[in-house]
Amino acid sequence: QVTLRESGPALVRPTQTLTLTCDFSGFSLSTSGMCVSWIRQPPGQALEWLALVDWDDEKYYSTSLKTRLTLSKDTSKNQVVLTMTNMDPVDTATYYCARTPYHFDTTAYFTIDYWGRGTLVTVSS
Amino acid sequence: DIQMTQSPSSVSASVGDTVNISCRTSQHINSWLAWYQQKPGTAPKLLIYTASNLQRGVPSRFRGSGFGTDFTLTITSLQPDDFATYYCQQINNFPLTFGGGTKVDI
């Protein structure tokens, strides 16, 4: 059974750094083709893909946020950590982590097949 | 970045109706498109991947089609459980961008 759970502060002050942790079970990030993504969703707005770390520890980031984002993984703990610097009220959102397997059979693509429940982060002074 | 444009942004429908949701991409992406369903207060759920392949457990009334830059999610015989917001996402090029969403309501 695949599960993911996000944890971190519910309230962050402007200019602070946000650190979110994704604890997962039911799969391993050391398995070839396995990845974990972070996605966020401001209240009432659309989904925004933020970042992905793959089984080989390659990391990929949103173009607009890449200077502020850092991903790390701890395979032994089944954990992925996202940090976002210089938080602003516009970063108020529900942050999701999600399993994102890379399929490379006849073609190559990702799917986001299991999601955590998300954690709401509010940025306010 | 590949831009994703969904239309309409919202649609009103009734149980039993057929609904079509469009997703257009700013670049040719072959069939590398997924569709997700999201209900209020819950995480999105994968419905379709590679434009037309149904995720395991998803009812066959959901159908995806398209190739290149134009894609469609069709929901036939709309059920009460289908009233939700739907998102497309391109699934091959980083960043893995989402569309703006289409809300299907009664």
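Values in this document were obtained by computation on a predicted structure and should not be read as measured data. In what follows, every chain begins at residue 1, and chains take the letters A, B, ... in the order their sequences are listed.
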Considering all heavy atoms, the nearest A/Trp115-B/Ala43 contact: CB-CB, 3.6 Å
Check for me, please, whether A/Tyr102 and B/Phe98 land in the same ILVMFWY cluster - side-chain distances under 4.5 Å, paths through other members count. yes
Contacting moiety of B/Pro40, where chain A heavy atoms sit under 4.5 Å: neither
Is it the case that more than 12 heavy atoms not belonging to B/Arg63 sit under 6.0 Å from its CZ atom? no
Qualifying disulfide (SG to SG under 2.5 Å) pairs with a residue from residues 25-75 of chain B, counting only residues at least two apart or across chains: none
Applying a strict under-4.5 Å side-chain criterion to I, L, V, M, F, W and Y, I'd like to know whether B/Leu54 and B/Leu46 cluster together. no
Taking heavy atoms only and a threshold strictly under 4.5 Å, list by residue number the residues of residues 6-36 of chain B that touch chain A; give 'none' if the list is empty. B/Trp32, B/Tyr36
Using a heavy-atom distance cut-off of less than 4.5 Å, which residues of residues 71-92 of chain B contact chain A? B/Tyr87, B/Gln89, B/Ile91, B/Asn92
Heavy-atom count around B/Lys103 NZ within 6.0 Å, excluding the residue itself: above 12? no
Hey, any chance A/Phe27 and A/Val81 share a hydrophobic cluster, counting ILVMFWY side chains that come within less than 4.5 Å of each other, even indirectly? no
Quick check on the interface: out of A/Ala108, A/Ser62, A/Ala98, who has the most heavy-atom pairs with chain B under 4.5 Å? A/Ala108
Are A/Tyr61 and B/Phe94 in one and the same hydrophobic cluster, where Ile, Leu, Val, Met, Phe, Trp and Tyr link if side-chain heavy atoms are under 4.5 Å apart? no
Name the region of A/Tyr96, side chain, backbone, both or neither, that has any atom closer than 4.5 Å to a heavy atom of chain B. side chain
Which residues, numbered in order, of residues 34-56 of chain A come under 4.5 angstrom of chain B by heavy-atom distance? A/Ile39, A/Gln41, A/Gln45, A/Ala46, A/Leu47, A/Glu48, A/Trp49, A/Leu52
For atom CZ of A/Arg117, is the number of surrounding heavy atoms from other residues, nucleotides or ligands below 6.0 Å larger than 12? no
So CZ of A/Phe110 and CG of B/Leu96: to nearest 0.5 Å the spacing works out to 6.0 Å
In terms of hydrophobic clusters joined by side-chain contacts under 4.5 Å, are A/Val80 and A/Ile112 together? no
